[in-house]
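Step one of this worksheet: look at the structure below.
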Amino acid sequence: MTEAPSVSERIVRHLTQVGETVACAESLTAGLVSATIADTPGASVVLRGGIVAYAADVKVALLGVSASVVAEAGTVDPRVASAMADGARVRLGATWGIATTGVAGPGPAEGKPAGTVHVAVAGPGGTVTRALRLDGVRGEVRRLAADAALALALEVMTRPAKNGRGSAGPSGQTPETS
């Protein structure tokens with residue numbers, strides 16, 4: 001009996017088949033999403049790179065996150081996740097961008113409780129964000145956030161669209177919550 005392919009394996013296989021690429025922008029996961037993809041055989045064909053943007057000013061300077069959004073809402077916000085995903089995609093020249101931002105814990109940050117996480121996937125059809133409330137200690141929250149980002153990426157990348165590519169929907173912006 002063979003084991004079912006992991007989400008990362010399915011992403012790498014799909015992107016290889018359709019000739020597309022991915023880049024990551026990570027805050028609370030600090031490279032776990034990129035590392036998980038890189039652990040998959042064949043990743044070098046599809047993974048363009050990743051940016052660990054832990055500090056707010058790095059999110060603004062390297063990923064193009066709006067300084068006014070950060071000043072207004074902080075970095076744990078769906079608009080920040082969306083801008084990070086698109087910033088990674090554009091700046092690293094990838095078809096798709098995956099982003100994570102949130103509070104790993106153990107305590108709150110920016111007035112938000114530990115386990116508050118936003119993940120986003122940006123692609124040719126727009127950006128999809130998902131708000132999460134994760135339970136666990138710091139390491140568990142980080143791992144669950146990375147897993148959720150990869151699951152959302154696979155979902156969005158393989159979503160049928162009229163043009164044959166994954167799509168975020170008619171408006172290009174599809175906020176979702178789980």
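Starting from 1, each residue takes its place in the sequence as its number. From a predicted model like this one, the values you see are computed outputs, not experimental measurements.
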K59 side chain vs G64 backbone, donor-acceptor pair below 3.5 Å: no

Taking every non-hydrogen atom, the tightest pair across V156 and W96: CG1-CZ3, 3.7 Å

Inter- and intrachain pairs under side chain to side chain donor-acceptor pair (under 3.5 Å), touching residues 29-39, at least two apart: E26-T29, E26-S34, T29-T100, T36-R143

Member of T101, V70, D57 meeting the side-chain contact (heavy atoms from CB on, under 4.5 Å) criterion with V65: V70

Under 3.5 Å donor-acceptor, T129 side chain and A120 backbone: no

Joint hydrophobic cluster, L132 plus L150, side-chain heavy atoms closer than 4.5 Å: yes

Heavy-atom closest pair, residues T127 and A122: OG1-CB, 3.5 Å

Hphob cluster co-occupancy, L32 + L152, side-chain heavy atoms under 4.5 angstrom: no

Donor-acceptor pair between S66 and S68 side chains, under 3.5 angstrom: yes

Heavy-atom closest contact (L92 atom, R48 atom, distance): O-NE, 2.8 Å

Those residues that, when tested against R10, pass salt bridge (charged side-chain N to carboxylate O under 4.0 Å, His left out) (two or more places apart): none

Side-chain touch V7/D147, heavy atoms, less than 4.5 angstrom: no

Main-chain N/O of V137 paired with E140 side-chain donor or acceptor, under 3.5 Å: yes

Heavy-atom pair with the smallest gap, counting every atom of V12 and P41: CG1-O, 3.7 Å

Under 3.5 Å donor-acceptor, R91 side chain and L62 backbone: yes

Straight-line distance of R89 CZ to L63 CG, nearest 0.5 Å: 13.0 Å

Spacing of T158 atom OG1 and Q17 atom CD [to the nearest 0.5 Å]: 11.0 Å

Between CD on residue E155 and CD1 on residue I11, distance to nearest 0.5 Å: 11.0 Å

Side chain to side chain donor-acceptor pair (under 3.5 Å) contacts in which one or both residues fall within residues 103-125, not counting sequence neighbours: T75-E110

Transitive ILVMFWY side-chain link V128 to M84, under 4.5 Å: no

Heavy-atom side-chain contact between T95 and P124 under 4.5 Å: yes

Single-linkage hydrophobic cluster V22~V119, side-chain heavy atoms < 4.5 angstrom: yes

V52 versus G31, closest heavy-atom pair with distance: CG2-N, 3.7 Å

Minimum-distance pair of heavy atoms, taken over all atoms of C24 and I37: SG-CD1, 4.1 Å

N/O donor-acceptor pair under 3.5 Å between S6 side chain and E9 backbone: yes

same_hphob_cluster(V45, V33) at 4.5 Å side-chain heavy-atom cutoff: yes

